Amino acid sequence: MGADQGPRRHYDGRWSDMRVRFAPSPTGALHIGGARTALYNWLLARGGPHGPNGEEGTFVLRIEDTDRERSTPENVEQILDALRWLNLDWDEGPVFQSQRAGRHREALEELLASGRAYHSSATAQEVRAYKERHGWERGFRGEPESAGAVRLRYPDAGETGFDDVVRGKIRFANSSRDDPVIARADGSLLYNFAVAVDDLDAGITHVVRGEDHISNTPTQLLVFDALGVPPPVYAHLPLLYGPDGRKLSKRHGAASVQELRAAGYLPEAVDNYIALLGAGFSADEEHFSLQELAKRFRLERVSKNPAIFDEQKLRHMNGRHLRELGIDELTRRLEEYTGRHGLRGAVEISAEKIQTLADFWPLVSFLFDGPVDDARAFQKVICSDGGVENLEAAREALASAEPFTVENVEAALRGVVEALGAKPGKVFQPVRVAIAGTTVSPGIFESVALLGQEETLARIDRALDRAGARKS
RNA sequence: GCCCCCAUGGUCUAGCGGUCAGGACGCCUGCCUUUCACGCAGGAGAUCACCGGUUCGAAUCCGGUUGGGGGUACCA
């Protein structure tokens with residue numbers, strides 16, 4: 001702790017001494033935007049050209065819970081849970097900003113003593129009045145008083161700027177900045193002051209966060225300067241928006257990590273997708289594992305444009321990651337997701353037909369819970385156009401298929417098609433509807449074989465009865 | 001109002017002074033085929049926001065405009 005940090009390194013492709021942090025404020029669930037910020041920090045710490053001894057950077061987790069009104073332990077747990085689910089492990093923390101009040105106060109005293117900060121009782125109204133008098137591009141400057149809130153003194157001239165890794169040079173004229181309040185009248189500290197002190201004490205070398213923090217940066221820079229230490233390197237990420245081009249929020253459906261998980265997305269796919277939003281990894285490939293992402297991630301290549309969260313693309317990527325898992329692992333995840341067991345067979349025959357974990361059960365539930373009730377499908381496929389006759393023929397062939405393997409089921413059914421001179425679908429679809437209840441299912445031979453001979457015949461009989469009852 | 005950031009097909013992006021402006025998602029067509037998908041092969045879709053410069057030459061550099069976004073709290 002303390003100001004003894006040595007010279008801060010600039011982002012120069014060497015990472016062995018890199019210390020980054022993710023510092024969410026627990027005022028709600030972890031958003032996909034926050035998740036991406038966490039991910040980028042993690043990628044930075046874990047990947048890139050490693051130091052001479054192959055060291056990784058350090059990823060620090062800090063909870064900015066100084067907003068007592070809105071920060072809750074439940075939200076903290078939700079955020080940690082989301083981070084774990086995304087496989088973003090941290091090396092230090094979580095450190096709670098609220099527990100560092102003593103150190104914050106100490107730093108505050110230092111600034112007060114050096115005259116870089118001063119007590120001021122000026123109210124928001126007085127600040128307005130000041131600006132109306134001096135012009136709106138003129139920042140507020142207060143008079144030092146003996147008590148009240150504490151404001152940080154901005155220089156009157158010159159500019160405060162920094163070299164943002166993703167945006168390049170950003171400058172603010174000091175004269176345009178209000179002297180910001182860094183401590184309330186009751187002594188509690190404000191965000192812009194606390195972050196700087198915390199980043200300093202944690203030895204953070206690179207601050208990577210959302211671009212909504214750009215205009216906070218000069219104030220934090222000023223705190224570092226007042227404390228007499230060099231600031232970290234900054235990188236501001238573009239924000240993420242919903243499909244309507246507006247800020248991402250609960251209204252846009254799956255906006256939080258938890259919601260994505262509930263919707264059947266894989267952490268692998270979510271990591272991959274959100275990494276792509278705003279980072280040009282490659283011109284011709286975009287399917288990556290977390291490790292590959294870490295290896296390829298380049299902070300200076302991060303896009304400056306805000307991106308819109310596109311769930312369709314996430315679905316697509318999820319399908320690829322899902323198929324990459326392999327049957328055993330996919331089965332494990334699906335059993336966890338659905339709360340069912342003995343799913344392996346169903347997974348085998350449906351894996352290539354689903355894009356999310358949520359797609360699975362509707363497709364295969366008929367194998368476990370009986371046919372789905374889809375009256376329209378029944379009417380259209382079985383109660384018309386030779387449906388009953390073909391189904392009867394199929395039943396007969398299936399009844400003598402021994403043993404009841406996929407191969408024999410296929411041979412039996414194809415034999416019917418040939419004998420009848422019908423189009424394949426005219427035989428297969430009635431069977432499908434008879435056993436599944438709907439026109440959509442995994443492959444028919446595989447489904448029938450998995451269902452078993454007895455159950456298949458029973459379902460066909462039931463369908464036949466039902467069709468007969470309809471006719472008469 | 002003031003300060004700051006951004007601008008390539010619907011979406012995510014590649015591009016970094018000379019390209020038929022490339023890829024991915026989505027969409028359409030065909031193949032595969034028992035449905036749905038997967039996979040494969042094609043296709044439609046971009047006055048590179050606009051206007052002015054610089055240059056033999058600009059999506060690429062500069063300026064302005066417009067549009068979008070962020071900040072402007074004794075919130076984080």
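Lettering follows sequence order; numbering is per chain, from 1. If you're wondering where the values come from, they're calculated on a predicted model, not measured in any experiment.
For Arg177(A) and Phe172(A), the positive end sits near the middle of the six-membered ring, less than 6.0 Å away and at most 45° from its axis. Relative to the six-membered ring of Phe96(A), Arg62(A) misses at least one condition, a distance below 6.0 Å or an angle of at most 45° to the axis.
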Using a 4.0 Å heavy-atom cut-off to protein, can you give one letter per nucleotide of nucleotides 70-76 of chain B, 5' to 3': B if the base is in contact, S if only the sugar-phosphate is, - if neither?
SS--BBB
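Straight-line distance from the CZ atom of Arg315(A) to the P atom of C36(B): 16 Å, rounded to whole Å. The nearest whole Å value for the distance from the OH atom in Tyr154(A) to the C1' atom in C2(B) is 15 Å. Separating the CG atom of Asp359(A) from the P atom of C38(B) is a distance of 11 Å, rounded to the nearest angstrom. Between the CG atom of Leu240(A) and the C1' atom of C6(B) there is a distance of 15 Å, given to the nearest Å. Rounded to a whole Å, the CD1 atom of Ile308(A) is 17 Å from the P atom of G26(B). Residue Arg36(A) contributes atom CZ, which lies 12 Å from atom P of C12(B) at whole-angstrom precision. Summarising the geometry, the separation between NZ on Lys304(A) and P on U60(B) is reported as 14 Å, rounded to the nearest angstrom. Distance Tyr273(A) OH to G26(B) P: 12 Å, rounded to the nearest Å.
Toward the 5' end of RNA chain B, the nearer of the two residues Gln355(A) and Thr439(A), judged by each one's closest nucleotide, is Thr439(A).
The same atom, P, is picked in U11(B) and in G68(B); the two are 15 Å apart, to the nearest Å. Only the P atoms considered, U60(B) is 15 Å distant from U54(B), to the nearest whole Å. The separation of C4(B) from U19(B), taken at their C1' atoms, amounts to 35 Å, rounded to a whole angstrom. Across the P atoms, C62(B) and A44(B) are found 35 Å apart, a figure rounded to whole Å. Spacing of P atoms, C20(B) relative to A58(B), comes out at 15 Å, to the nearest Å. Separation of the C1' atoms belonging to C31(B) and C61(B) is 48 Å when rounded to the nearest angstrom. G43(B) sits 26 Å from U35(B) when the P atoms are compared, rounded to a whole Å. Rounded to whole Å, the separation between the C1' atoms of A7(B) and G15(B) comes to 15 Å.
Residue contacts for Phe445(A): at a heavy-atom cut-off of 4.0 Å it reaches a base atom on one of the strands shown. Nucleic acid contact for Arg171(A): sugar-phosphate only, since backbone atoms but no base atoms lie under 4.0 Å from a heavy atom of the residue. Across all strands, Arg301(A) comes closer than 4.0 Å only to sugar-phosphate atoms, never to a base (heavy-atom distances). Using a 4.0 Å heavy-atom criterion, one finds that Gly278(A) contacts the sugar-phosphate atoms exclusively. When heavy atoms are screened at a 4.0 angstrom cut-off, Arg432(A) is found touching base atoms of the nucleic acid.
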Look for any protein N or O under 3.5 Å of an N or O in nucleotides 22-25 of chain B and output each such pair with its distance, or none.
| residue | atom | partner | partner atom | Å |
| --- | --- | --- | --- | --- |
| A24(B) | O2' | Glu286(A) | OE2 | 2.3 |
| A24(B) | O2' | Lys313(A) | NZ | 3.3 |
| A24(B) | N3 | Lys313(A) | NZ | 3.3 |
| C25(B) | OP1 | His316(A) | NE2 | 3.2 |
| C25(B) | O2' | Lys313(A) | N | 3.4 |

Can you name the atoms? Protein N/O to nucleotides 30-33 of chain B N/O, anything below 3.5 Å, with the distance.
none

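Minimum atom distance to the side chain of Gln429(A) is reached by U35(B), of the listed C12(B), C3(B), U35(B). Closest approach to the Lys353(A) side chain among U35(B), U34(B), C5(B) is made by U35(B) (side chain taken as heavy atoms from C-beta onward).
Atom CZ in Arg466(A) sits 7.5 Å away from atom SG in Cys383(A) (nearest 0.5 Å). Between Glu268(A) atom CD and Arg320(A) atom CZ the span is 14.0 Å, to the nearest 0.5 Å. Rounding to the nearest 0.5 Å gives a distance of 11.5 Å between CZ of Arg36(A) and CZ of Phe22(A). Interatomic distance, CG of Leu322(A) versus CD of Gln355(A), reported as 9.0 Å (0.5 Å rounding).
Between Phe162(A) and Tyr234(A), the ring planes are perpendicular. Angles over 60° get that label, and only those under 30° would be called parallel.
Side-chain N/O atoms of Arg432(A) and Ser441(A) include a donor and acceptor closer than 3.5 Å.
A distance of 6.0 Å or more separates the ring centres of His316(A) and Tyr273(A). The distance between the ring centers of Phe368(A) and Trp361(A) falls below 6.0 angstrom. Centroid-to-centroid, the aromatic rings of Phe360(A) and Tyr337(A) stay 6.0 Å apart or farther. Residues Tyr40(A) and His206(A) place their aromatic rings such that the two centres sit no closer than 6.0 Å.
For A7(B), one of the phosphate oxygens OP1 or OP2 lies less than 4.0 angstrom from a side-chain nitrogen or oxygen of Asn305(A).
Using Watson-Crick or G-U wobble geometry with both donor-acceptor distances under 3.5 Å, C36(B) finds no partner in any strand shown. Under the Watson-Crick and G-U wobble criteria, each requiring two contacts below 3.5 Å, nucleotide G45(B) is left unpaired. Base pairing annotation: G63(B) forms a Watson-Crick or G-U wobble pair with C51(B), both donor-acceptor distances under 3.5 Å. When both pairing distances are held under 3.5 Å, C56(B) makes a Watson-Crick or G-U pair with G18(B).
Using a cut-off of 4.0 Å between Lys/Arg side-chain N and Asp/Glu carboxylate O, Glu292(A) and Arg296(A) are scored as not salt-bridged. Arg21(A) has a carboxylate O that lies under 4.0 Å from a charged side-chain N of Asp199(A), or vice versa, which qualifies the two as a salt bridge.
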